[in-house]
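These notes are about the structure you will find just below.
Chain letters run A, B, ... following the sequence lines, proteins first and then strands; every chain starts at 1.
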There are 2 protein chains.
Amino acid sequence: MTPNPPKTSCLSCKLSDLCLPYGLQINEVETLEIIIKIKRPLQIDELLYSKDELCKSLYAVKSGSFRSFIMNSEGIEQTLGFYLPGELMGLDALFEGRFSSSVDALETSSVCELPLTRLNELCTEIPNLQYQLTRILSKEISANHEQMILLGQNSAKIKMATFLLMLSKRYSALGYSSNAFNLSMRRQDIGNYLGVSHETISRQLSVLIKENIITVNHRAIKILDLDLLKAIIEPCQTALSNDTH
Amino acid sequence: MTPNPPKTSCLSCKLSDLCLPYGLQINEVETLEIIIKIKRPLQIDELLYSKDELCKSLYAVKSGSFRSFIMNSEGIEQTLGFYLPGELMGLDALFEGRFSSSVDALETSSVCELPLTRLNELCTEIPNLQYQLTRILSKEISANHEQMILLGQNSAKIKMATFLLMLSKRYSALGYSSNAFNLSMRRQDIGNYLGVSHETISRQLSVLIKENIITVNHRAIKILDLDLLKAIIEPCQTALSNDTH
DNA sequence: CGTTGTTTTGACACTAGTCAATGGGTGTGG
DNA sequence: CCACACCCATTGACTAGTGTCAAAACAACG
């Protein structure tokens, strides 16, 4: 949206505490800043990268939101996760050097590009950076575990409630309201993220509306009663022990 | 089982190509070997570590097999994964310094213990080691993605077939037979790994027996027709693109 | 040899998927 | 500025696949 190339500065970026620079010295952040490349903003539905593509860079969300997914041979997509500002995308590519999932933009969004070869060089120079990268990788694993539990043994209602609470928590960590936010993804995306049909998502939202727990206006969600929402998933709190995606 | 402490030697270990030493120079492996601690073998159902426990070491499976799981507040366990020889356990703890899941032994099993502080020191000295650790972390993320797809949008029959093929592939990578192996886990463990009840596991195995695709003798599985088994999951091959857990 | 835990099988209920029709928004072009 | 088309979301009807409950068979253990 900004036609003139925005200046990259991790030091002035509000997200730096959630992102790769966390825990680095000021001079280390300055070194990191140098390798960051600017990409033009992506439009809705535009691909950041595709599965099996050679991975030359990792990407951090600067603004907007993204969705990672895999398409099976039937052409049906499975949403693996949603990425909000400050989060790192492409970590699943470090193993084979190729992305093992695709990522597209849910809205007009921008990223910071981190060229892999330069990032690796920097990691050997700055142990704190390597340490933070390892932590982020490990966090992603924990987050995936939470997601597997959610997918594995919970009803559609619990999945829906957990999803809303998860978003609420992540938005509030970003400094936004925790009880009013806009979904940037379609019902279909939520559905195959949670392992249910999009009709089930619609129905579960309708139930929550009737119970006066939330209001929904298209993509706009308001949580009226956080405690009631939490009560739905009460018997399985594990899924909330982390702010995940 | 061996009363006198077994000598640790990654160099002579058949698993080294699947484990942390992969890609290291001989002298680097020798350095790695020094930090490895020997633990006595674990008996069936014995805990290697528990969720929320302080993580002081990572563990590599030396022999036998393990199961990672989380117990929710209702006391119901969700199995997150199974670990076979050569695989690294505890990676989800690198983020917060505490294990985010528990691990127990499925049979009499042994591990190589890698004290974290010494491993971290070594990683700064041996870039290849850091690189391999990062690769393993990334592989775990990819594996989790495959598992999320399996949990998310597949029928019990596809889940069962995928599970058997996955084990077959992993055993064959270890040099064992790919069409005859023993399950070390209970039906219940398979069930909550795949997000279905243990009765459903029993029923699906029965169906496969009737179709002459496998034979089952308690924990002993024989795959009679690999192609038919693969045909069950044909429309969604993605779940097999990796040898995962 | 009895106890305990695991596995199998059956009967039934119910959640959620599928198919289909309708409604509402957004955007494009006349 | 309006009309049409397209996509997304909602709702209903019906059905199939699984979960739950219960009982019994079987193996493993002391």
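- Residue whose closest nucleotide on DNA chain C sits further toward the 5' end, between B/T200 and B/R186: B/R186.
- Salt bridge status for A/E87 with A/R170: present, with a side-chain N to carboxylate O gap under 4.0 Å.
- A salt bridge links B/E46 with B/R40: the distance from a Lys NZ or Arg NE/NH1/NH2 to an Asp or Glu carboxylate oxygen falls below 4.0 Å.
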Give the C-alpha distance, both sets of side-chain angles, the deciding distance and a yes or no for side-chain contact (heavy atoms from CB on, under 4.5 Å) between A/E140 and B/N144. CA-CA 10 Å; A/E140 179 100 1; B/N144 286 336; over 6 Å; no
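- When rounded to the nearest whole Å, the span between CG of A/L205 and P of D/dT10 equals 6 Å.
- To the nearest angstrom, P of D/dG17 lies 14 Å from CG of B/N154.
- Residues forming a side chain to side chain contact (heavy atoms under 4.5 Å, CB included) with A/L228 (at least two apart in sequence, or on another chain): A/I213, A/D225.
- As rounded to whole Å, 13 Å separates atom P of D/dC8 from atom CD1 of A/I190.
- Ion pair B/R186/B/D189 flagged as a salt bridge, since at least one NZ, NE, NH1 or NH2 atom sits closer than 4.0 Å to an Asp/Glu carboxylate oxygen.
- Separating the CE atom of B/M160 from the P atom of D/dT18 is a distance of 13 Å, rounded to the nearest angstrom.
- To the nearest 0.5 Å, the span separating OG on B/S202 from CD1 on B/I190 amounts to 9.0 Å.
- Here D/dT20 presents its P atom at 10 Å from NE2 of B/H198, a figure rounded to the nearest Å.
- With the nearest nucleotide of DNA chain C identified for both A/G195 and B/D45, B/D45 has the one nearer the 5' end.
- Between A/S68 and A/S101, the side chains place no donor N or O within less than 3.5 Å of an acceptor N or O (distance only, hydrogens not considered).
- Using modelled atom types and a 3.5 Å distance limit, the side chains of B/S63 and B/S109 yield no donor-acceptor pair.
- Two rings, from A/Y193 and A/F82, have their centers less than 6.0 Å apart.
- Taken over five-pair windows at either terminus, the axes of the helix from C/dC1-D/dG30 to C/dG30-D/dC1 are inclined to one another by 40° (rounded to 10 degrees).
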Produce a footprint string for nucleotides 25-30 of chain D: one letter per nucleotide, 5' end first; B if the base is under 4.0 Å from any protein heavy atom, S if only the sugar-phosphate is, - if neither. --S---
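- Between A/I201 atom CD1 and D/dT11 atom P there is a gap of 14 Å when expressed in whole angstrom units.
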Please enumerate all protein N or O atoms sitting under 3.5 Å from an N or O of nucleotides 12-15 of chain D, with distances to 0.1 Å.
unit_1: D/dG12; atom_1: N7; unit_2: A/R203; atom_2: NH2; d: 2.9
unit_1: D/dG12; atom_1: O6; unit_2: A/R203; atom_2: NH2; d: 2.8
unit_1: D/dA13; atom_1: N6; unit_2: A/R203; atom_2: NH2; d: 3.1

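- Taking atom CD1 of B/I158 as the reference point, atom C1' of D/dT18 lies 15 Å away to the nearest angstrom.
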Apply side chain to side chain donor-acceptor pair (under 3.5 Å) to A/S65 and A/S184, showing your working. CA-CA 7 Å; A/S65 54; A/S184 53; 2.7 Å; yes
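- Atoms CZ and NZ, on A/F99 and A/K51 in that order, are 12.5 Å from each other to the nearest 0.5 Å.
- A salt bridge (charged side-chain N to carboxylate O under 4.0 Å, His left out) check over residues 153-164 of chain B, counting only residues at least two apart or in different chains, returns the pairs B/K157-B/E211.
- Distance, B/Q153 CD to D/dG17 C1': 16 Å, rounded to whole Å.
- Taking a cutoff of 4.0 Å between a charged side-chain nitrogen and a carboxylate oxygen, B/R67 and B/D104 qualify as a salt bridge.
- Protein chain A contacts DNA chain C over a range whose 5' and 3' limits, counting nucleotides with an atom under 4.0 angstrom from a non-hydrogen atom, are C/dA16 to C/dG25.
- In summary, the side chains of A/S142 and B/D92 do not present any donor paired with an acceptor at a separation below 3.5 Å, with no hydrogens or angles considered.
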